[in-house]
Amino acid sequence: MLDPKLLRTEPEAVARNLARRGFALDIAFFRTLEERRKACQIEADRLRAARNSHSKAVGAARARGEDIAPLMAHGEALAADVARVDAELAVVQDELDQWQLGLPNLLDAGVPDGRDESANVEVRRSGEPRQFDFEPRDHVAIGASLDGLDFDAASRLSGARFAVLRGHVARLHRALAQFMLDLHTREHGYTEVYVPYLVSRATLTGTGQLPKFEQDLFAVPHDPELFLIPTAEVPVTNLVRDRIVAPEQLPLRYVAHTPCFRSEAGAHGKDTRGLIRQHQFDKVELVQIVRPADSGAALEALTGHAEAVLAALQLPYRVVALCAGDIGFGSAKTYDLEVWLPGQGRYREISSCSNCEAFQARRMQARWRNPATGKPEPVHTLNGSGVAVGRALVAVLENYQRADGSVTVPEVLRPYMGGIGQLGRS
RNA sequence: GGAGAGAUGGCCGAGUGGUCGAAGGCGCACCCCUGCUAAGGGUGUAGGGACCAAAAGUUCCUCGAGGGUUCGAAUCCCUCUCUCUCCGCCA
């Protein structure tokens with residue numbers, strides 16, 4: 001959510017910022033609604049004050065033993081007025097709330113202009129794509145020949161966009177997640193958390209997936225209503241929902257390994273082959289809750305933590321700053337990490353690191369007590385994949401493949417693989 | 001799944017229709033007193049919103065959530081959620 005005060009006082013500046021995303025802010029609509037809200041609220045407050053003082057007068061009169069019957073009629077009239085204006089206010093307020101929940105976050109000034117991913121800006125590059133002395137295969141072919149990736153089996157179980165992993169490949173998948181968790185907890189100061197995979201509507205509203213992106217989620221028919229998490233960002237960031245954090249506790253750094261579930265409605269026909277785009281995938285997620293002044297630096301650090309995974313795996317990658325039109329709904333600034341995939345001959349997203357500033361914090365009522373003001377103020381939240389496990393598996397299979405169809409196990413993963421140095425049929 | 005008990009401010013805990021946003025205690029902060037790592041005294045101590053350029057001030061809302069009754073609800077009624085105890089079942 002945007003700062004309502006800013007929206008009220010500088011709607012033109014807000015509109016200019018959001019226009020960079022291609023989002024048209026309807027200032028006139030907001031002004032009209034806001035004026036109605038203000039009028040209703042002032043009137044409602046005034047009437048309630050009148051009712052309260054009248055009720056006290058009734059109580060006082062009764063305490064004196066006076067006849068209160070004559071006061072009742074006025075009280076009833078006041079009660080009716082309060083009910084009427086309250087109802088009116090509730091309607092306007094709700095409309096305003098819904099509208100505001102649909103506004104994306106303001107962009108950081110450093111975000112490059114552009115309408116879509118073609119305008120994203122490469123920030124840096126690490127490692128060189130390997131030169132193959134044979135025609136590199138993609139992970140689907142490699143996985144099949146290792147008898148480790150089975151999309152047919154998955155489709156019999158669940159339909160399209162699922163996978164069954166087997167043997168060494170399944171173990172490599174697990175090894176990747178374990179390695180990442182250990183790296184972030186040991187080297188980067190994150191606390192491991194285990195969180196629910198099913199969350200409420202309120203939780204998803206807190207991080208911004210709802211109300212706007214319900215079609216991307218899997219809802220579970222259950223009372224109360226629950227959704228499968230599309231990313232651990234949702235439960236982990238919401239750990240601070242409705243909380244006021246003491247300043248000395250910040251920054252909070254959490255890492256979680258969870259499955260993620262996305263219906264990806266509207267993605268039909270995109271990346272239909274292989275593990276790249278699935279309804280279910282694992283991810284190791286980094287979340288930081290920081291003081292507002294620190295979030296810029298925290299994004300750089302968090303991105304570095306995600307990069308460290310790829311560096312340790314010796315996978316070639318590049319860091320890309322997302323442009324205004326490609327950046328996510330709740331993010332002020334985002335870096336994507338793209339890993340080199342020999343099977344596709346291009347870099348593909350494997351991590352997305354975002355600074356959401358106070359956007360989620362305002363929705364979640366997540367605050368810290370600012371020593372400078374003594375008041376509770378929204379914290380800043382950041383999240384990033386550190387990294388997507390399924391795509392990391394793809395990257396390892398493709399980058400470490402050998403001419404004979406086997407796959408070398410990256411050095412850092414061997415302790416997690418029982419010491420084996422290569423994947424064969426298992 | 002069955003039975004029961006609960007949900008009040010940072011914590012504990014009082015409060016069954018009126019001046020209660022809420023006694024008392026603890027904790028915390030500041031001050032006073034005290035010649036000493038004690039004791040005592042005082043003051044303060046929730047969050048959100050509105051009006052206002054802002055401060056001050058005024059005012060509204062919040063006692064798990066949502067409805068209802070009433071001139072007036074922490075208090076009465078209904079629904080829901082969560083927690084705890086016991087039984088059953090289960091990993």
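These figures come from a predicted structure and were not determined experimentally. Reminder, nothing fancy here: chain letters follow the sequence lines and each chain counts from 1.
- Nearest nucleotide to the A:Ala49 side chain, out of B:C60, B:A50, B:C71: B:C60.
- With B:U19, B:G72, B:A50 as the candidates, the nucleotide lying closest to the side chain of A:Ala63 is B:U19.
- In this model, no side-chain donor or acceptor of A:Asn52 finds a partner on the base of B:G72 within 3.5 Å.
- Distances from the side chain of A:Asp45 to the nucleotides B:C71, B:U19, B:G49 place B:G49 closest.
- B:A23 and B:U8: their C1' atoms are spaced 13 Å apart (whole Å).
- Base pairing analysis places B:G18 opposite B:C71; the two distances defining the Watson-Crick or G-U wobble pair are each below 3.5 Å.
- With 3.5 Å as the limit, one finds a donor-acceptor pair spanning the side chains of A:Ser352 and A:Asp336.
- A:His257 and A:Asp282 share a side-chain donor-acceptor pair at under 3.5 Å.
- Close to B:A50, at under 4.0 Å from its OP1 or OP2, lies no side-chain N or O of A:Lys38.
- Judged by closest nucleotide on RNA chain B, A:Ala60 is the one of A:Ala79 and A:Ala60 placed further toward the 5' end.
- Residue A:Met72 contributes atom CE, which lies 11 Å from atom P of B:U70 at whole-angstrom precision.
- The A:Ser55 side chain lies nearest to B:C71 when the options are B:U19, B:C60, B:C71.
- Across all strands shown, B:G88 remains unpaired; no Watson-Crick or G-U wobble contact has both distances below 3.5 Å.
- Rounded to an integer number of Å, the gap from A:His74 NE2 to B:U70 C1' is 16 Å.
- When distances are taken from the side chain of A:Val58 to each of B:G18, B:U81, B:G49, the shortest belongs to B:G18.
- Whole-Å rounding puts the A:Arg37 CZ to B:C51 C1' distance at 10 Å.
- Following rounding to the nearest Å, A:Gln93 (CD) and B:A50 (C1') show an atom-to-atom distance of 11 Å.
- With C1' as the reference atom, B:C12 and B:C28 are 15 Å apart, rounded to whole Å.
- Pairing for B:U58 goes to B:A50, judged as Watson-Crick or G-U wobble with the two contacts each under 3.5 Å.
- Across B:C60, B:U81, B:G47, the shortest atom-to-atom separation from the side chain of A:Arg369 is found for B:G47.
- B:A73 and B:C61 have their P atoms separated by 9 Å, given to the nearest Å.
- Here, B:U59 and B:C71 have their P atoms 25 Å apart, quoted to the whole Å.
- One P atom belongs to B:A91, the other to B:A74, and the distance between them is 48 Å to the nearest Å.
- Partner assigned to B:U83 is B:A5, using Watson-Crick or G-U wobble distances below 3.5 angstrom.
- Nucleotides B:C63 and B:G21, compared at atom C1', are 8 Å apart to the nearest Å.
- Pairing partner, B:U37: none, since no Watson-Crick or wobble contact has both distances short of 3.5 Å.
- No contact: A:Leu71 has no heavy atom under 4.0 Å from any strand.
- In this structure, A:Asp97 places its CG atom 17 Å from P of B:G48, rounding to the nearest Å.
- Nearest-nucleotide positions on RNA chain B for A:Gln365 and A:Pro224 put A:Gln365 closer to the 5' end.
- Taking the six-membered ring where tryptophan is involved, the planes of A:His305 and A:His188 are essentially parallel, since the angle between them stays under 30° and well short of 60°.
- Across all strands, A:Arg243 comes closer than 4.0 Å to no nucleic acid atom at all (heavy-atom distances).
- Spacing of P atoms, B:U81 relative to B:G66, comes out at 15 Å, to the nearest Å.
- For A:Arg51, counting side-chain heavy atoms from C-beta on, the closest listed nucleotide (B:G48, B:U59, B:C61) is B:C61.
- One can place CG of A:Asp3 at 13 Å from P of B:G48, the figure rounded to the nearest angstrom.
- Looking only at side-chain heavy atoms (C-beta outward), A:Glu192 and A:Tyr194 stay at 4.5 Å or farther from each other.
- B:C80 and B:C86 have their P atoms separated by 25 Å, given to the nearest Å.
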